[in-house]
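Quick note on labels: first sequence line is chain A, next is B, and so on, each numbered from 1.
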Amino acid sequence: SSLTQVVHSAGRRFIVSPVPESRLRES
Amino acid sequence: AEDTGVRVELAEEDHGRKSTIALRLWVEDPKKLKGKPKDNGAIEFTFDLERETPDDVAQEMIDSGFFHESDMKIVAKSIRDRVALIQWRRERIWPVLQ
């Protein structure tokens with residue numbers, strides 16, 4: 001799976017990963 | 001908690017001992033947001049229950065381009081609701097540790 005890491009200038013790290021289809025609400 | 005269209009959950013099991021917890025946030029219903037979120041990813045981050053506020057994190061997510069500025073309140077509220085639930089649960093399950 002692909003992970004993206006974003007570090008804010010204040011130092012907090014955000015790690016972004018794909019949301020499993022089962023966790024997404026159907027519209 | 002109110003359905004904000006933004007889901008926040010614990011990203012790890014909470015044992016009530018650490019002030020810093022790992023959370024995961026994702027958009028369940030983009031129609032509830034004013035701006036377009038960056039993508040469909042789940043954003044994992046740590047949050048210090050004693051030193052930080054949900055508004056701090058929401059602002060940093062906006063600064064980082066995940067959400068539009070106009071969605072600051074909805075993102076902050078989603079985090080705040082989850083944090084309140086975690087704190088409430090900690091006080092009930094591990095009152096001695098608090």
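Cluster membership for B:Leu49 and B:Val75, using ILVMFWY side-chain heavy atoms within less than 4.5 angstrom, is shared. Cluster annotation: B:Leu10 is connected to B:Ile79 through the hydrophobic network of ILVMFWY side chains, with a link wherever side-chain heavy atoms come within less than 4.5 Å.
Within a 6.0 Å radius of CD in A:Gln5, more than 12 heavy atoms belonging to other residues, nucleotides or ligands are found.
Counting heavy-atom pairs under 4.5 Å between each of B:Glu44, B:Glu60, B:Glu52, B:Met61 and chain A puts B:Glu60 at the top.
In this structure, A:Val6 and B:Ser64 approach most closely via the heavy-atom pair CG1-CB, 3.9 Å. Between A:Arg12 and B:Thr46, the closest heavy-atom pair is NH1-O, 2.8 Å. Counting all heavy atoms, side chain and backbone alike, B:Gly41 lies closest to A:Val16 at CA-CG1, 3.8 Å.
For the atom pair A:His8 NE2 and B:Phe66 CZ, the distance stands at 10.0 Å (nearest 0.5 Å). The NZ atom of B:Lys38 sits 7.5 Å away from atom OG1 of A:Thr4, with the distance rounded to the nearest 0.5 Å.
In this structure, A:Phe14 and B:Val57 have side chains that are in contact, with non-hydrogen atoms separated by less than 4.5 Å.
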